[in-house]
Amino acid sequence: MTPLDRVLEIQPGRRGVAIMNIPATLSLFDSHFPRFPVLPGVLLLQAMARLSSRVVGDGWRLRAAHRIQFRRFVQPGDQVVITAEVTADTDEVIELRAKAQIADSTVATARRLVLERV
């Protein structure tokens with residue numbers, strides 16, 4: 001599991017930006033394509049959900065993720081910049097849009113992350 005290394009910006013209830021470094025020493029790279037190590041997409045999605053939870057505050061959890069696209073491999077040594085932005089807010093659920101980028105290249109997007117009250 002790769003946590004968010006640094007949160008660069010949080011505008012509570014609106015948006016957030018964080019950095020996740022991908023070290024070559026992660027044990028998952030031993031078994032996840034050893035000759036061509038790739039970070040599993042579910043870990044990128046988890047990082048987007050984690051940042052989304054920080055944006056909206058305590059008491060929320062991921063309920064659903066819609067329209068997820070993985071566009072490029074994330075490999076050891078990469079630094080991923082993740083952004084999450086609130087798109088809809090009700091008493092019951094909060095919806096966000098998230099994106100993961102390396103340099104100027106988008107590696108993954110989540111068009112709709114739905115968080116619900118715990």
Side-chain angles (χ1 to χ4, degrees):
M1 178 170 17
T2 59
L4 299 173
D5 291 303
R6 186 171 42 159
V7 176
L8 300 176
E9 172 189 348
I10 290 284
Q11 294 175 13
R14 296 190 60 211
R15 74 182 305 267
V17 181
I19 290 177
M20 181 174 70
N21 294 311
I22 312 301
T25 57
L26 286 176
S27 61
L28 66 93
F29 290 134
D30 294 339
S31 60
H32 202 259
F33 309 118
R35 292 188 182 148
F36 186 74
V38 175
L39 185 73
V42 70
L43 294 181
L44 267 180
L45 180 59
Q46 179 187 36
M48 290 183 215
R50 187 172 290 159
L51 177 60
S52 297
S53 293
R54 301 249 333 239
V55 168
V56 299
D58 292 334
W60 297 88
R61 69 174 173 209
L62 183 66
R63 177 166 91 184
H66 301 276
R67 299 193 60 194
I68 311 302
Q69 290 184 331
F70 299 101
R71 299 172 182 223
R72 188 187 136 201
F73 293 119
V74 176
Q75 298 182 287
D78 286 338
Q79 184 177 62
V80 183
V81 177
I82 299 170
T83 59
E85 189 173 318
V86 173
T87 57
D89 184 358
T90 68
D91 290 337
E92 304 278 324
V93 297
I94 296 177
E95 295 182 11
L96 298 98
R97 168 179 41 230
K99 178 170 47 171
Q101 292 183 287
I102 297 173
D104 290 332
S105 176
T106 300
V107 295
T109 57
R111 288 270 181 98
R112 188 169 156 235
L113 297 175
V114 181
L115 279 67
E116 67 182 353
R117 284 204 184 275
V118 177

Open item on the list: Applying ring pair (Phe, Tyr, Trp, His ring centres under 6.0 Å), can you list everything that pairs with Phe33, at least two apart in sequence or on another chain?
Closed with: none
Task: Exceeds 12 heavy-atom contacts within 6.0 angstrom, atom CG of Asp58 - done: no
Task: Closest non-hydrogen atom pair between Val7 and Ile10, with its separation - done: CG1-CG1, 3.3 Å
Open item on the list: Tell me the closest heavy-atom pair linking Val55 and Gly16, and the distance in Å.
Closed with: CG2-N, 3.5 Å
- [ ] Pick out which of Leu62, Leu115, Thr87 makes a side-chain contact (heavy atoms from CB on, under 4.5 Å) with Leu96.
- [x] Leu115
- [ ] Could you tell me which non-hydrogen atom of Ser52 sits nearest to which non-hydrogen atom of Leu113, and how far apart they are?
- [x] OG-CD1, 3.5 Å
Task: Rounded distance (nearest 0.5 Å) linking atom CG of Leu39 with atom CG of Leu26 - done: 7.5 Å
Open item on the list: Quick one, Met20 and Val74 - any side-chain contact, counting heavy atoms below 4.5 Å?
Closed with: no
Task: Minimum heavy-atom distance Ala84-Leu51, with the two atoms named - done: N-CD2, 3.8 Å
Task: Pair Arg61 + Glu116, salt bridge at N-O below 4.0 Å - done: yes
TODO: Could you tell me which non-hydrogen atom of Ala100 sits nearest to which non-hydrogen atom of Leu44, and how far apart they are?
DONE: CB-CD2, 4.2 Å
Open item on the list: So which atom in Val38 and which in Phe73 form the shortest heavy-atom distance, rounded to 0.1 Å?
Closed with: CG1-CD2, 3.5 Å
Open item on the list: Within the supplied structure, the quantity of interest is the number of heavy atoms (other residues, nucleotides, ligands) at a distance under 6.0 Å from Arg14 CZ; does it exceed 12?
Closed with: no
Task: Non-hydrogen side-chain atoms of Arg15 and Thr83 separated by less than 4.5 Å - done: yes
TODO: Could you check if a side-chain atom of Arg112 sits within less than 4.5 angstrom of a side-chain atom of Glu95, using non-hydrogen atoms only?
DONE: yes
TODO: Report, as yes or no, whether the 6.0 Å neighbourhood of atom CD on Glu92 holds more than 12 heavy atoms from other residues, nucleotides or ligands.
DONE: no
TODO: Determine whether more than 12 heavy atoms belonging to other residues, nucleotides or ligands lie under 6.0 Å from atom CZ of Arg111.
DONE: no
Task: Hydrophobic cluster membership, Ile82 vs Val114, 4.5 Å side-chain cutoff - done: no
